[in-house]
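Everything on this sheet refers to the single structure shown next.
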Protein chains: 2
Amino acid sequence: MFEPVSPVRAYERVVEQIEEAVFAGRLKPGSRLPSERDLMTQFGVSRSTVREALRVLQSNGMVQSRAGDPRGPEVLPASPKTLRKSMSRLVRAESMSLAELLQFRMLMEGSAYQLAARLRTDAQLSEMEAALRAMADATGHAAFSDADVAFHDAVARATQNTLIVVCSNVVRGVVLDSIADSLANATDQQALMRAYLKHHSDVLQAIRDRDGSLAAQLARQALYDYYGRHLSAADQNLLATLVTS
Amino acid sequence: MFEPVSPVRAYERVVEQIEEAVFAGRLKPGSRLPSERDLMTQFGVSRSTVREALRVLQSNGMVQSRAGDPRGPEVLPASPKTLRKSMSRLVRAESMSLAELLQFRMLMEGSAYQLAARLRTDAQLSEMEAALRAMADATGHAAFSDADVAFHDAVARATQNTLIVVCSNVVRGVVLDSIADSLANATDQQALMRAYLKHHSDVLQAIRDRDGSLAAQLARQALYDYYGRHLSAADQNLLATLVTS
DNA sequence: CAGTATTTGTCCGTATGTATC
DNA sequence: GGATACATACGGACAAATACT
């Protein structure tokens, strides 16, 4: 019948009002909020309350205040930064297994590559080719990994879907965090890198030909070959069936 | 040669330390933080600084303080609530379109249904059948929607992948947030619900038969038919090609 | 059940470092 | 370089809310 009520703090109402003004467009990105002292009088609350509200808004990536700036706190444009932060937090807290992460990444990147093969522009194709050359020219593992990130990022951007870009980015980062040391200490590192490079070259050709299904399958295969060794036999079998799906 | 430095506020360092303790498992969900006065002395900062840090942690869903509780702020378990909040924010700020959201959901649920068709147990199949019956028996829109959620959740759980469960849940919630009013005010609501129910029945049969590809395609088709009307013609064309992929 | 002690929520005042004009 | 206004951080204070005895 009735809903339980929770007391609404003063700082929360300040947050709500400023949030609402931003969403309604009355406060555009780049514009400035009144100073903390002005906000005190406008909201009729103390300085501490205003500050707590500003800290919350800052933590959510909506405003940014700098000490001594007479123009007041800046209203920031919406960005997926906080989305990435909260997703990373969740992944870390849930302590998900590497198999789950890798499975998710195979599904996600498979879809991403399929879309990218259809929607990519010539300029984006050039970006991917440049990243692939950087991978081939890379001497150390760090440079190779950076170029790899650039390649995947170019593909994700080609999908023109913010969520795919962010999710791919986050999951890739978490996977790397989990087994970065294993990769760096691999005995047959050179052979792995060559095989990985070959995979990317094949994928790129599929994207060039706008063959989405092939690109998706090759992308899943590359992930499986590169990371699958770190899984149990049972998990390897499960993921192997995903490659050709 | 040198990296640019940005001043690190006192409250941020407090946040970092508490966050790190939670991630490292030294602070488990349900346990209590020291009182604000104890935190003052432990961190060597003023009470305002401690409070700003606690507000940030509370905004991120990691702790919860209640006025007058001598046990101190409670450490909360990880929850996808903030993930959903930040994603909704991006949509409201119009830096992410409904088309992107729906596209992502079609990819995600397609993969989920494919996996679920392979991995589902008989018990999970029974859950889905029960949810489908609840949808058929539902009188109002609210009950119908609740049963729909239960159905999708049972499918997501059948994948045995936490990330898929969470992401599906979050994206579904954000989509509903965006167009809940449009759905509730639809003139041909009854017809929509009947068509939606028929789709689910077909999908369930595919899951029963362990036909992953068919289940995935039917799931994408259901989403397109149910939500596609809210998109522009160009976006509809793009998503239509996704259905049969 | 009531009293008490503790904690949070909020306010005020002040000192200090900083960015802009 | 100086003046001004700002954010940062500190300390003290009181009322409301909560838990425990």
Side-chain angles (χ1 to χ4, degrees), chain A residues 2-19 21-22 27-76, chain B residues 2-19 21-22 27-76:
Chain A
F2 294 112
E3 295 289 324
V5 292
S6 60
V8 179
R9 311 294 177 203
Y11 81 92
E12 288 188 36
R13 311 189 65 170
V14 175
V15 168
E16 285 171 13
Q17 286 200 44
I18 297 181
E19 254 184 354
V22 172
L27 285 174
K28 297 189 190 313
S31 64
R32 300 304 182 120
L33 255 54
S35 72
E36 293 185 358
R37 286 171 183 81
D38 287 343
L39 289 174
M40 289 177 53
T41 64
Q42 292 192 31
F43 286 108
V45 296
S46 78
R47 186 87 186 279
S48 319
T49 303
V50 170
R51 286 183 62 78
E52 290 178 17
L54 286 178
R55 291 293 88 84
V56 170
L57 291 169
Q58 188 163 11
S59 158
N60 292 348
M62 303 191 63
V63 306
Q64 168 125 26
S65 36
R66 284 192 330 231
D69 193 335
R71 295 168 298 183
E74 181 181 0
V75 178
L76 298 179
Chain B
F2 294 113
E3 294 290 324
V5 294
S6 61
V8 180
R9 311 292 177 205
Y11 81 93
E12 287 187 39
R13 312 193 61 173
V14 175
V15 168
E16 284 171 13
Q17 286 200 45
I18 298 181
E19 256 184 353
V22 172
L27 284 174
K28 296 186 193 312
S31 65
R32 301 305 183 116
L33 255 54
S35 73
E36 293 183 359
R37 285 173 180 78
D38 286 344
L39 289 174
M40 287 177 54
T41 64
Q42 292 192 33
F43 286 108
V45 296
S46 77
R47 181 140 171 252
S48 316
T49 304
V50 170
R51 286 184 59 78
E52 290 176 17
L54 287 178
R55 291 295 84 84
V56 170
L57 291 169
Q58 188 163 15
S59 158
N60 292 347
M62 303 191 62
V63 305
Q64 167 107 24
S65 344
R66 284 200 315 268
D69 193 334
R71 296 169 299 183
E74 181 181 0
V75 178
L76 298 179

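To find a chain, count down the sequence lines: A is the first, B the second, and so on, and within it residues start at 1.
- You'll find that the side chain of A:Asp69 is closest to C:dT20, out of D:dA19, C:dT20, C:dC11.
- Heavy atoms only, all atoms of each residue included: B:Leu76 and B:Gln64 are closest at CD1-CB, 3.9 Å.
- Using a 4.0 Å heavy-atom criterion, one finds that B:Arg47 contacts the bases of the nucleic acid, with or without backbone contacts as well.
- Side-chain proximity of B:Tyr11 to the nucleotides C:dT20, D:dA9, C:dT10 is greatest for D:dA9.
- When atom types are taken as modelled, the side chain of A:Asp69 and the backbone of A:Arg71 share a donor-acceptor pair closer than 3.5 angstrom.
- Closest approach of B:Val8 and B:Arg13 over heavy atoms only: CG1-CG, 3.5 Å.
- Spacing between atom CD of A:Glu52 and atom P of C:dG9 amounts to 8 Å, rounded to whole angstrom units.
- Here B:Arg71 lies in heavy-atom contact (under 4.0 Å) with sugar-phosphate atoms only.
- Side-chain contact between B:Leu33 and B:Ile18: present, with at least one pair of heavy atoms (C-beta onward) separated by less than 4.5 Å.
- The distance from atom CE of A:Met40 to atom C1' of C:dG13 is 11 Å, rounded to the nearest whole Å.
- Residue contacts for B:Glu36: at a heavy-atom cut-off of 4.0 Å it reaches the sugar-phosphate backbone alone, with no base atom in range.
- Between B:Val45 and B:Arg37, it is B:Val45 whose nearest contact on DNA chain D lies nearer the 5' terminus.
- Taking atom CD on B:Gln58 and atom P on C:dT8, their separation rounds to 12 Å, with Å as the unit.
- Nucleic acid contact class of A:Ser35 (heavy atoms, under 4.0 Å, all strands): sugar-phosphate only.
- Rounded to an integer number of Å, the gap from CG of B:Leu33 to P of C:dT8 is 10 Å.
- Between B:Ala53 and B:Val14, the shortest heavy-atom distance links the atoms CB-CG1, 3.6 Å.
- Whole-Å rounding puts the A:Arg55 CZ to D:dA9 C1' distance at 11 Å.
- Here C:dT10 is the nucleotide among D:dC6, C:dT10, C:dC12 with the atom lying nearest to any side-chain atom of A:Arg9.
- Computed from coordinates, the A:Arg51 CZ to D:dC6 P distance equals 14 Å when rounded to whole Å.
- Checking D:dG11, D:dA19, C:dC11 against every side-chain atom of A:Thr49, the shortest atom distance belongs to C:dC11.
- Separating the CZ atom of A:Arg32 from the P atom of D:dA5 is a distance of 18 Å, rounded to the nearest angstrom.
- Counting only N and O atoms by type, the side chains of A:Arg32 and A:Ser65 include no donor and acceptor under 3.5 Å apart.
- With distances taken from any side-chain atom of B:Ser46 to the nucleotides C:dT20, D:dC6, D:dG11, the minimum falls on D:dG11.
- Residue A:Gln64 contributes atom CD, which lies 13 Å from atom P of D:dA7 at whole-angstrom precision.
- Of the candidates D:dA19, C:dC11, D:dA7, the closest approach to any side-chain atom of A:Pro73 belongs to D:dA7.
- In the set D:dA7, D:dC10, C:dC11, the nucleotide with an atom closest to the side chain of A:Ala67 is D:dA7.
- Nearest to the side-chain atoms of A:Arg66 among the listed nucleotides D:dC6, C:dG9, C:dA19 stands C:dA19.
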